[in-house]
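Take a look at the structure set out below.
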Amino acid sequence: MDNTTPRIIIAVDGYSSSGKSTMARALAARLGYRYIDSGAMYRAVTLYALEHGFIAAVGTVDTAALIAALPEIKIDFIPTSSGVQHTLLNGRDVEEEIRDLPVSENVSTIAAIPEIRHALVKMQQAFGKSRGIVMDGRDIGTTVFPEAELKIFVNAPAETRARRRLAEMTAAGLKVTYEEILDNIRHRDHIDETRSESPLRRASDAIDLDNSNMTHQQQDLWLMEQVNQTLEKIKEGGHAQG
Ligand code: CDP
């Protein structure tokens, strides 16, 4: 893409374990854009809450203490030599810990707290200021960047998503069962869809993608088609930004 090609904001939303992150990361690399994993930010806050004793039992959070601690929580991302960026919580690399089951079991409860969402949405919008960004999550096309030029909504049945997540976690050496993962996915879907503060919703102008039967390569091709069509439309409309 040449210098006159506008740099856009791409929002990738969808259900837990739908493959959004892998897809969004690959797309960003291909376009030379920044990738932001908004779920990692909710996970980092959850890890902070666990480490500071703000979570007594699964789903039982000392909300007031966590909200009071928000100014102490700094989240950033750093590139690594493998090309995959890592999440930093107050300067510490927490990429591995935030994927563990204790975090997964509590993250949707934490992500349903309005004050936490407001703080993280602000940080996410700041990441988008320089445009040329792919961000994945649950509310990127609806709340974080309603003005995003391209919005993708990814979905696949819970069982497909559980099988994928099991393969991923087993490969990482974690001991979990298919049933545990399926339960966790269903539980998170439910919390994400029913919370009052920015529930998981498809933006009305999003393009749907059910990637159950797609290879990574087919998916990448499909995505590039959507990007190219969006860029063409912007050029035709003459309101290129960036
Ligand atoms: O990896 P997975 O798709 O399972 O989830 P994630 O993207 O790492 O996000 C973890 C959790 O954070 C989700 O289950 C949501 O409850 C929450 N989340 C959210 O509420 N809003 C976002 N923009 C991103 C994540």
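Every number for a ligand or one of its atoms is a count from 1 in the order of the listing. Each residue takes its place number in the sequence, starting with 1. These numbers were taken from a predicted model, which means no experiment stands behind them.
Considering backbone and side-chain N/O atoms, Lys20 comes within less than 3.5 Å of an N/O atom of ligand 1. The shortest N or O to N or O distance between Asp136 and ligand 1 is not below 3.5 Å. At under 3.5 Å, a nitrogen or oxygen of Ser17, whether backbone or side chain, sits near a nitrogen or oxygen of ligand 1. In terms of polar-atom proximity, Ser16 is counted as a contact of ligand 1, with an N or O under 3.5 Å from an N or O of the ligand.
Ionic pairing of Arg131 and Glu149 is present here: one or more N-O contacts between side-chain nitrogen and carboxylate oxygen are shorter than 4.0 angstrom. Salt bridge Lys151/Asp205: present, at least one basic N to carboxylate O contact under 4.0 Å. Under 4.0 Å is where a charged nitrogen must lie from a carboxylate oxygen, and between Asp189 and Arg161 at least one such pair does.
Looking only at side-chain heavy atoms (C-beta outward), Arg117 and Tyr42 come within less than 4.5 Å of each other. Counting heavy atoms from C-beta on, the side chains of Arg186 and His190 never come closer than 4.5 Å. With a 4.5 Å cut-off on side-chain heavy atoms, Val45 and Leu120 count as touching.
With hydrogens and angles ignored, the 3.5 Å screen pairs no side-chain donor or acceptor of Glu197 with any backbone N or O of Ala112.
Contacts with ligand 1 closer than 4.0 Å are made by heavy atoms of both the backbone and the side chain of Arg138. Contacts between Arg195 and ligand 1, counted as non-hydrogen atom pairs separated by less than 4.0 Å, involve the side chain only.
For atom 24 (C) of ligand 1, the closest non-hydrogen atom of the protein is Ser38 OG, 3.4 Å. Here the heavy atom of the protein found nearest to atom 17 (C) of ligand 1 is Ala111 CB, 3.7 Å. Summary of contacts: the protein heavy atom closest to atom 12 (O) of ligand 1 is Val107 CG2, 3.6 Å. Regarding atom 8 (O) of ligand 1, its nearest protein heavy-atom neighbour is Arg43 NE, 2.6 Å. Annotation: atom 1 (O) of ligand 1 to nearest protein heavy atom, Arg165 NH2, 3.0 Å. The single protein non-hydrogen atom nearest to atom 16 (O) of ligand 1 is Asp192 OD1, 2.6 Å, given as residue, atom name and distance.
In this comparison of Ser108, Ser18, Gly39, the heavy atom closest to atom 6 (P) of ligand 1 sits on Gly39. For atom 10 (C) of ligand 1, the nearest non-hydrogen atom from the set Arg188, Arg99, Glu197 comes from Arg188.
Look at Arg117 and you'll find a heavy atom under 4.0 Å from some atom of ligand 1.
Evaluated for a salt bridge (charged side-chain N to carboxylate O under 4.0 Å, His left out) with Asp37, the options Arg99, Arg43, Lys20 yield exactly one hit, Arg99.
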Side chain to side chain donor-acceptor pair (under 3.5 Å) evaluation trace for Glu159 with Tyr178: CA-CA 9 Å; Glu159 291 76 11; Tyr178 171 77; 5.5 Å; no
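Of all heavy-atom pairs spanning Leu88 and Val94, the tightest one is C-CG2, 4.5 Å.
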